[in-house]
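Predicted model only: the values in this text are computed from it and were never measured. Quick note on labels: first sequence line is chain A, next is B, and so on, each numbered from 1.
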Amino acid sequence: MNFNERCYSILRKVPRGKVVTYGDLAKAAGSPNAARAVGNAMNRNPYAPQVPCHRVVGSTGKMVGFAEGVSKKIKMLKEEGVEVMDGNVDMDKYFYT
DNA sequence: CATATGACACTAT
DNA sequence: AATAGTGCCATAT
């Protein structure tokens, strides 16, 4: 099981309407400082619709990027009930602990 | 095997 | 408060 597959597995557990940060995801995957690598894994995302890669946001809840565009990402999150204001998510309410 | 790349995070201006 | 620069990790080429 390589690093990214671990990321996908973990990310897949994230419930709808919640979000996680790259850093925490990386930490959960076993490499606390591999936030960047996580983003890379999401970018290639071999498990396209299976993994909720759109539920991954920056450490501050700020939208960082998305393969199809941040706009799309925000749209999807809103569809799940996550409030996104000016590209930012309310961490205290939607962060997956 | 070595170099380059990127959807991050943090510190210093 | 906003912007720029630096460090880190795993993958792809």
Which pair of heavy atoms, one from A:Met63 and one from A:Lys73, lies closest together, and at what distance? CE-CG, 3.7 Å
Closest heavy-atom pair and its distance - A:Val84, A:Leu77: CG2-CB, 4.0 Å
Closest nucleotide of DNA chain B for A:Asn40 versus for A:Val57: which of these residues is on the 5' side? A:Asn40
The side chain of A:Phe66 is closest to which nucleotide in this list: C:dT11, B:dA7, B:dG6? B:dA7
For atom OH of A:Tyr22 and atom P of C:dC8, their distance in whole Å: 21 Å
Donor-acceptor pair (no angle test) under 3.5 Å: A:Arg36 side chain, C:dC8 base: yes
Which residue is it: A:Asp24, A:Val57, A:Val89? I am looking for the one with a side chain to side chain contact (heavy atoms under 4.5 Å, CB included) to A:Phe95. A:Asp24
Between C1' on B:dG6 and CG on A:Leu25, what's the gap in Å once rounded to a whole number? 16 Å
Go through the steps for A:Glu80 and A:His54 under the test side chain to side chain donor-acceptor pair (under 3.5 Å), then give the verdict. CA-CA 11 Å; A:Glu80 298 190 350; A:His54 57 273; 2.8 Å; yes
Does C:dA10 have OP1 or OP2 sitting under 4.0 Å from an N or O in the side chain of A:Asn2? no
Rounded interatomic separation in angstrom, taking CE from A:Met91 and C1' from B:dA9: 13 Å
Taking everything shown except A:Glu83 itself, do over 12 heavy atoms lie less than 6.0 Å from its CD? no
Atom-to-atom span, CG of A:Asn45 to P of C:dA12 - whole angstrom: 13 Å
Rounded distance (Å) that lies between atom C1' of B:dC8 and atom NZ of A:Lys62: 14 Å
Once you round it to whole Å, what is the distance between P of C:dC8 and CZ of A:Phe3? 16 Å
Taken to the nearest whole Å, CE/A:Met42 to P/B:dC8 is 12 Å
Can a side chain N or O of A:Ser31 be found less than 4.0 Å away from OP1 or OP2 on C:dA10? yes
Whether A:Ser59 contacts B:dA9 is assessed here as follows: a side-chain N or O lying under 4.0 Å from the phosphate OP1 or OP2. Is that the case? yes
What's A:Ala37 touching, base or sugar-phosphate or nothing? Going by heavy atoms closer than 4.0 Å. base
Rounded to whole angstroms, how far apart are CG on A:Asn33 and P on B:dG6? 21 Å
Which of C:dA10, C:dT11, B:dA9 is nearest the side chain of A:Ala35? It is B:dA9
